[in-house]
There are 2 protein chains.
Amino acid sequence: MTTQRAKSGRVTIHDLAREAGVSVSTVSKALNDNGRMAAETRARIKRIATEIGFRPNALARGLLSSRSFTIGLLTNDTYGRFTLPVMAGISEALVDHGVSVFLCAIEDDPALGKVHVDAMLDKQVDGIIATGKRIDRSLPVDLAGLPVPVVYAFTAGAPESVTLMADDAQGAGLATAWLKKLGRRRLVHITGPEDFVSVRERAAAFSREAGEDASVLYGVWSERWGHEAIADLWSAEEGLPDGIFCGNDQIARGVIDALRERGVKVPDDVSVIGYDNWEILAEQTRPPLTTVDMNLKELGREAGLMVLALAEGRPTEPGLRKLPCKLVVRHSCGGAGRPE
Amino acid sequence: MTTQRAKSGRVTIHDLAREAGVSVSTVSKALNDNGRMAAETRARIKRIATEIGFRPNALARGLLSSRSFTIGLLTNDTYGRFTLPVMAGISEALVDHGVSVFLCAIEDDPALGKVHVDAMLDKQVDGIIATGKRIDRSLPVDLAGLPVPVVYAFTAGAPESVTLMADDAQGAGLATAWLKKLGRRRLVHITGPEDFVSVRERAAAFSREAGEDASVLYGVWSERWGHEAIADLWSAEEGLPDGIFCGNDQIARGVIDALRERGVKVPDDVSVIGYDNWEILAEQTRPPLTTVDMNLKELGREAGLMVLALAEGRPTEPGLRKLPCKLVVRHSCGGAGRPE
DNA sequence: AAGACATGAGAAAACGTTTTCTCATGTTGA
DNA sequence: TCAACATGAGAAAACGTTTTCTCATGTCTT
């Protein structure tokens with residue numbers, strides 16, 4: 001306890017060895033439950049280790065084991081509302097394994113992307129997770145052929161890689177089925193730009209469930225577009241919908257506001273359902289928004305465990321995995337109880 | 001070029017030395033512009049290094065230099081809209097210095113906080129930045145007495161530490177002065193809970209600028225409260241305000257919606273100004289919101305450079321630093337041109 | 001009683017760098 | 001012509017671990 005520390009200021013294995021009166025090899029084996037030694041010695045070393053607060057230097061350890069217990073998260077979405085839950089899931093899953101996460105926002109900039117990837121490789125990350133905001137675009141940096149495994153989440157992946165995404169068809173089906181179950185018959189889908197593959201997937205699932213004559217209105221991802229769509233629909237006077245499935249929560253917010261301004265009651269006259277479950281928005285609409293949740297945190301968790309498995313060389317089948325969405329029921333659709 | 005690589009799969013300094021026909025010491029000195037050697041040799045080694053793609057292993061380097069070129073970002077705010085811009089600023093400032101950032105979300109959980117801090121220290125981070133969502137609360141983990149420097153941003157710091165925050169009084173003054181400059185005379189401040197020190201600071205600055213009789217309404221940080229406040233004010237029929245300064249953009253959104261529903265024109269009858277410049281919200285209000293921007297990205301940049309300075313042992317004066325806010329003029333106040 | 005074997009623990013090498021020291025050779029000055 | 005010195009480059013130690021050998025001692029077998 002009174003012996004002096006190494007000059008670095010941190011307690012090293014040598015300090016501990018000196019304190020315990022054994023060699024560093026013995027200390028290492030004691031702490032890692034390796035090798036042969038008297039149980040009493042092992043226990044004593046462990047006790048002294050906690051007493052003097054020894055914690056092994058991860059740099060030194062990583063140098064030898066070629067495992068740094070570090071992964072990189074590359075993101076496009078200036079940590080918007082998609083990447084954030086994904087990150088939370090990753091971190092939550094990996095902290096239990098002693099893995100820390102480098103966050104790198106690359107902003108659609110190839111040069112910045114390369115800088116970050118190089119920096120991470122220099123730091124010997126065990127793997128990389130790439131995330132974006134849409135599944136049909138890839139990050140502006142080539143991650144194929146890297147010396148570490150890469151997992152893609154919510155962004156387009158390389159051919160033989162592991163890619164995770166939310167199941168758009170299933171999510172849209174969930175929403176449409178819910179509207180029908182509540183007795184809504186004249187359904188409309190107000191959504192984002194048609195060039196998003198997710199938009200097309202959801203629209204197809206909507207049409208399948210709602211009937212081919214149910215119309216789909218493509219636009220942009222904004223509140224304003226929700227307003228405009230309602231203005232267009234209600235200018236027709238006839239064939240007005242009684243159930244509206246929106247492509248995201250912002251559109252839904254615009255739709256609900258526009259309906260209120262027209263004196264149309266939500267959910268009495270029309271049920272409205274959103275997508276994303278962006279809570280800060282969904283909870284503040286009047287009435288609070290029933291919406292589809294993509295389980296992004298769970299997606300992040302899966303991505304974290306996946307990249308860890310790859311880093312440890314455990315067998316993992318490549319390909320695209322679609323994770324199910326869930327319905328979050330609030331008050332914008334009427335009805336009660338939980339979704340099936 | 002034809003010589004085989006080390007078994008690790010990565011190019012080491014030994015591979016490079018063999019390729020160049022020199023010793024590893026010479027290579028190291030060549031690449032770091034250290035020591036003495038023929039200019040021609042240095043150039044040749046550098047050329048071969050890029051040819052075979054040599055990049056020094058940061059773990060090995062860090063082991064020796066006790067600089068890992070890594071910092072940790074500890075956050076409370078499950079990466080909400082405060083921490084995010086701060087993070088972006090940190091990352092942007094540090095990537096140029098080759099520093100990568102570990103992101104750790106600790107969710108008000110002391111145990112999780114300790115786990116993350118320990119993991120970061122094990123990985124020999126050069127410093128830690130702690131961020132939160134309010135300046136009068138500290139993170140649930142003790143960062144005093146750590147073997148690395150700590151900088152606090154938007155959260156309460158330890159006594160002799162460096163702490164960065166936005167200048168609440170200046171920001172509120174900016175907003176109030178803007179309303180007055182536009183000719184508004186009957187001002188109201190609708191804001192959040194009075195137990196926030198930022199709320200009190202801003203309210204004090206508002207009163208100073210607007211006159212002591214200008215009223216301040218304390219509430220919560222939600223759209224709903226904005227609605228309620230307008231309902232209360234307009235139930236009085238007399239002494240109606242013509243300028244409303246809101247404590248955040250969500251309240252402002254609620255205020256604007258409530259005014260529209262009452263047939264009060266914004267900005268013709270009443271000017272409304274928000275706080276935070278949460279773009280996705282501020283741009284979608286009708287009309288788009290004029291609001292105070294706390295320059296959080298800049299704050300993050302400063303925090304990054306600060307922790308780097310401390311890590312390198314450069315002298316840095318401790319204490320609380322307040323960074324100025326700026327006014328972002330959109331259409332909710334009327335008037336034109338830029339703030340003074 | 002003597003070889004075979006189990007046990008406990010230390011010595012040394014290894015990981016990939018950087019840095020200090022040493023040394024051979026060439027060059028200058030008187 | 002010889003000492004003093006500058007130059008270019010390599011050898012070796014160091015950083016803090018883990019892991020593989022090695023070895024002394026003690027305990028069985030027969």
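Not measured: the values here are computed from a predicted model. In the text below, chain A, chain B and the rest are named by the order of the sequence lines, each starting its count at 1.
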Colleague: Do B/Ser25 and B/Ser28 get their side chains close enough for a donor-acceptor pair, meaning under 3.5 Å?
Modeller: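 Judged by distance alone, the side chains do not pair up.
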Colleague: Once you apply a heavy-atom cut-off of 4.0 Å, does B/Ser65 come out as touching a base, just sugar-phosphate, or nothing?
Modeller: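 The residue B/Ser65 makes no contact with any strand.
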Colleague: Nearest whole angstrom, please: distance from the P of D/dG10 to the CG of B/Leu16.
Modeller: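 Distance check: B/Leu16 CG to D/dG10 P gives 12 Å.
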Colleague: Can you find a side chain N or O atom of B/Arg36 that sits less than 4.0 Å from OP1 or OP2 on D/dT7?
Modeller: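 For D/dT7, OP1/OP2 do not have a side-chain N/O of B/Arg36 under 4.0 Å.
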Colleague: Between C/dG10, C/dA9, D/dT19, which nucleotide gets closest to the side-chain atoms of A/Val22?
Modeller: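 Selected nucleotide (nearest to the side chain): C/dG10.
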Colleague: Answer yes or no: side-chain N or O of A/Ser25 and base N or O of C/dA9 forming a donor-acceptor pair under 3.5 Å.
Modeller: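 No, no donor-acceptor pair under 3.5 Å.
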Colleague: Between B/Thr83 and B/Thr75, is there a side-chain donor-acceptor contact under 3.5 Å, judged purely by atom types and distance?
Modeller: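 Yes, because at least one side-chain N or O of B/Thr75 sits under 3.5 Å from a partner of the opposite role on B/Thr83.
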Colleague: Report yes if the side chains of B/Leu305 and B/His97 come closer than 4.5 Å at any heavy-atom pair, otherwise no.
Modeller: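 Contact flag for B/Leu305/B/His97 side chains = yes.
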Colleague: State which of C/dG10, C/dT17, D/dG16 makes the closest approach to the side chain of A/Ala60.
Modeller: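 Within the option list, the nearest is D/dG16.
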Colleague: Can you check the B/Asn57 CG to D/dG16 C1' distance for me, whole Å?
Modeller: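 Atom-to-atom, B/Asn57 to D/dG16, this comes out as 14 Å.
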Colleague: With hydrogens left out and only the distance checked, is there a donor-acceptor pair under 3.5 Å joining A/Ser23's side chain and the base of C/dA9?
Modeller: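 Looking at the base of C/dA9, it does not pair with any donor or acceptor on the side chain of A/Ser23 (distance under 3.5 Å).
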Colleague: Is the shortest heavy-atom distance from the side chain of B/Thr155 to the side chain of B/Met165 under 4.5 Å?
Modeller: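 A side-chain contact is absent here, since even the closest heavy-atom pair is not under 4.5 Å.
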Colleague: Where the side chain of B/Ser28 is defined as all heavy atoms beyond and including C-beta, which of D/dG16, C/dT18, D/dT18 is the nearest nucleotide?
Modeller: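 Minimum distance to the B/Ser28 side chain belongs to C/dT18.
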Colleague: Under 3.5 Å, is there an N or O donor on one side and an acceptor on the other linking the side chain of B/Lys29 and the base of D/dG10?
Modeller: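 Per atom types, the contact qualifies.
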Colleague: Base, sugar-phosphate or nothing for A/Ser66? Non-hydrogen atoms, less than 4.0 Å.
Modeller: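 Nothing: the residue A/Ser66, judged by heavy atoms under 4.0 Å, touches no strand.
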Colleague: As a test of reading the structure: which of D/dT17, C/dA9, C/dG16 is closest to the side chain of B/Thr12, going by heavy atoms?
Modeller: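 Nearest nucleotide to the side chain: C/dG16.
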Colleague: Considering only D/dT17, C/dG16, C/dG8, which nucleotide approaches the side chain of A/Met37 most closely?
Modeller: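 So the nucleotide nearest the side chain must be C/dG8.
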Colleague: Testing A/Leu103, A/Val125, A/Val86 for side-chain contact (heavy atoms from CB on, under 4.5 Å) with A/Leu73, which one passes?
Modeller: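 Filter result, single survivor: A/Leu103.
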Colleague: In terms of side-chain heavy atoms of B/Ala38, which of C/dT17, D/dT17, D/dA9 is nearest?
Modeller: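 The answer is D/dA9.
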Colleague: Rounded to whole Å, please give me the gap between CG in A/Leu63 and C1' in D/dC15.
Modeller: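 Those two atoms, CG and C1', are 9 Å apart.
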Colleague: Give B/Arg55 one of three labels, base, sugar-phosphate or nothing, depending on what nucleic acid heavy atoms sit under 4.0 Å from its own.
Modeller: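 Answer is sugar-phosphate: B/Arg55 comes under 4.0 Å of backbone atoms only.
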